[in-house]
Protein chains: 2
Amino acid sequence: MRDGLPEGLASLAGFQLSKCGWWLEQRLEEELEPLGIRVRHFLVLAMLSTSETLSQQEMADCLLLDPTLMVGLVDDLEARGLCERTRDPRDRRRYRVRATEDGRALHRRARTLADEVGAEVFGPLSDDELSTVVRAIGRVMEPFWAEQALHPRRKR
Amino acid sequence: MRDGLPEGLASLAGFQLSKCGWWLEQRLEEELEPLGIRVRHFLVLAMLSTSETLSQQEMADCLLLDPTLMVGLVDDLEARGLCERTRDPRDRRRYRVRATEDGRALHRRARTLADEVGAEVFGPLSDDELSTVVRAIGRVMEPFWAEQALHPRRKR
DNA sequence: TATTGTTATACTCTATAACTATA
DNA sequence: TATAGTTATAGAGTATAACAATA
């Protein structure tokens, strides 16, 4: 990289956006290490923090992860007492995964770190710009999540 | 995903942004398949399209890829006559990788597809919003690329 | 017969280490 | 001694397939 990004790359909005997402994730990964969790564990806790109970299948769809990966993820959290599995009485194949008080407390600490990373990365933006970007991305992703709810895809 | 994304996830700007980047990349991957290249090959061509010549090392830094991965990537392009390697006469360890005319032509076709994917994904945004987002992300990434030029990191 | 969750296995991708040639 | 590029290999991460329990 002699003198900055080649213009052919810099002008690709998708490339810049992808790397921005990667940067945010890596920084958060670093910040979460002292808490003993990965970004994925944090995302599970984030879901559970506003959902009472969820099945592993539902969480896999939201995170775009293969359901087999949710097993180990929930295992990790349960082993540390951050969430608990109970069978769904109305469909005993499913678990009802719920965050414990410890899990909610850890989520709050992790969420603070995530917000700090966000403030760091988005530092160059004014409050107006930031809220425009955040709302814009949210609106852009609405059709994606709608489609995802109907025809779940996986990978990554 | 019973009723949309759990709020704990939806409110995480970093999560939405990461998935947006993933979505853009996956859609482009699909669109590029008929051209017989992956997104990575396209990104290499994009760099070469505005840079005359670059070393494999420089390109690895820009794409945040391990230099060993650039070998196969440039091999692929060279085998199809899309780029060519010549030794740098001033430092015969380095290659000067250059896009051929065919490479530039394929890049233009791929860039058109990338722009179409962008138009599709960012469809919900007004022109003003889109340009605000694109410029904002570009500004956010400036310090990242500056740091990357000094202390290259890898992975992904 | 289909679905949730589980396990074990195979596969893909990436990083690591060792090497050549240049500097 | 250090760097660009190459190769082969080991490791991490992921998907695939088969299974048990339930619907």
Side-chain angles (χ1 to χ4, degrees), chain A residues 1-2 18-19 22 25-26 29 33 37-41 43-44 47-48 51 53-79 83-98 149-156, chain B residues 1-2 18-19 22 25-26 29 33 37-41 43-44 47-48 51 53-79 83-98 149-156:
Chain A
M1 208 161 15
R2 245 161 352 198
S18 281
K19 292 308 181 192
W22 178 85
E25 194 171 327
Q26 290 308 306
E29 208 77 74
E33 206 185 338
I37 57 173
R38 307 276 312 267
V39 168
R40 297 179 161 200
H41 300 102
L43 294 175
V44 170
M47 282 189 282
L48 294 176
S51 286
T53 72
L54 291 168
S55 73
Q56 294 183 188
Q57 204 77 232
E58 289 169 322
M59 294 193 284
D61 288 341
C62 290
L63 298 184
L64 277 67
L65 288 179
D66 192 283
T68 61
L69 297 177
M70 290 304 304
V71 179
L73 227 40
V74 175
D75 280 352
D76 295 341
L77 296 174
E78 196 175 36
C83 75
E84 51 193 16
R85 290 190 248 230
T86 56
R87 286 288 175 184
D88 183 336
R90 281 194 288 272
D91 180 348
R92 290 187 42 74
R93 290 172 306 183
R94 293 171 179 255
Y95 283 129
R96 300 180 6 161
V97 183
R98 177 195 317 271
L150 298 178
H151 310 288
R153 20 178 168 178
R154 295 290 149 63
K155 292 180 182 178
R156 263 252 83 197
Chain B
M1 208 160 17
R2 245 160 354 195
S18 281
K19 292 308 180 192
W22 179 85
E25 194 171 327
Q26 290 308 306
E29 207 78 74
E33 205 186 339
I37 58 172
R38 308 276 313 267
V39 168
R40 297 181 161 198
H41 300 102
L43 295 175
V44 171
M47 282 188 282
L48 295 175
S51 286
T53 71
L54 292 168
S55 72
Q56 296 182 186
Q57 205 77 231
E58 289 170 321
M59 295 194 284
D61 287 343
C62 291
L63 298 184
L64 278 66
L65 288 180
D66 192 283
T68 61
L69 298 176
M70 290 303 305
V71 179
L73 229 39
V74 175
D75 281 352
D76 295 341
L77 295 174
E78 195 174 38
C83 76
E84 52 193 16
R85 289 190 247 229
T86 56
R87 286 288 174 185
D88 183 336
R90 281 194 287 271
D91 181 348
R92 290 186 42 72
R93 291 171 306 183
R94 294 171 179 257
Y95 282 129
R96 300 183 3 162
V97 183
R98 177 194 316 270
L150 298 178
H151 310 287
R153 21 177 169 180
R154 296 288 149 64
K155 295 183 180 176
R156 260 249 84 196

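Sequence lines set the chain letters: A, B, ... in the order given, protein chains first and strands last, and positions in each chain run from 1. What's counted below: heavy atoms across the whole structure, side chains too, no hydrogens, waters or symmetry copies.
- Ranked by how close their nearest DNA chain D nucleotide is to the 5' end, A:R93 and A:T68 are led by A:T68.
- Residues A:V74 and A:V97 come closest through the heavy atom pair CG1-CG1, 4.3 Å.
- For B:R40 and C:dC13, the shortest distance from a side-chain N or O to OP1 or OP2 is not below 4.0 Å.
- What separates CZ of B:R96 from C1' of C:dT22 is a distance of 17 Å, to the nearest Å.
- B:R85 comes within 4.0 angstrom of the backbone, heavy atoms only, and of no base.
- Residue whose closest nucleotide on DNA chain D sits further toward the 5' end, between B:D91 and A:D88: B:D91.
- Regarding contacts with the backbone of C:dT3, every side-chain N or O of A:Q57 stays at 4.0 angstrom or more from both OP1 and OP2.
- Closest of all the heavy-atom pairs between A:A60 and A:P67 is CB-CA, 3.9 Å.
- Between the base of D:dT22 and the side chain of A:R92 there is no donor-acceptor pair shorter than 3.5 Å.
- In this structure, B:R90 atom CZ and D:dA4 atom P are separated by 16 Å, rounded to whole Å.
- Put simply, CD on B:E58 is 8 Å from P on D:dG5, counting in whole angstrom units.
- Nearest to the side chain of B:R38, among D:dT6, C:dG5, C:dC13, sits C:dC13.
- Distance, B:L69 CG to D:dT9 P: 17 Å, rounded to whole Å.
- Distance A:L63 CG to D:dG13 C1': 16 Å, rounded to the nearest Å.
- Contact check, B:Q56 against D:dA4: no side-chain N or O comes under 4.0 Å of OP1 or OP2.
- As rounded to whole Å, 16 Å separates atom P of D:dT3 from atom CG of B:D66.
- Following rounding to the nearest Å, B:M70 (CE) and D:dG5 (C1') show an atom-to-atom distance of 11 Å.
- Across all their heavy atoms, B:R98 and B:L48 have their closest contact at C-CD1, 4.4 Å.
- If you measure from atom CZ of B:R87 to atom P of D:dT3, you get 17 Å, rounded to the nearest angstrom.
- In this model, no side-chain donor or acceptor of A:R94 finds a partner on the base of C:dT4 within 3.5 Å.
- Residues B:K19 and A:L63 share a closest heavy-atom pair of NZ-O, 3.4 Å.
- Atoms CE and CE, from A:M59 and A:M70 in turn, are 4.0 Å apart once rounded to the nearest 0.5 Å.
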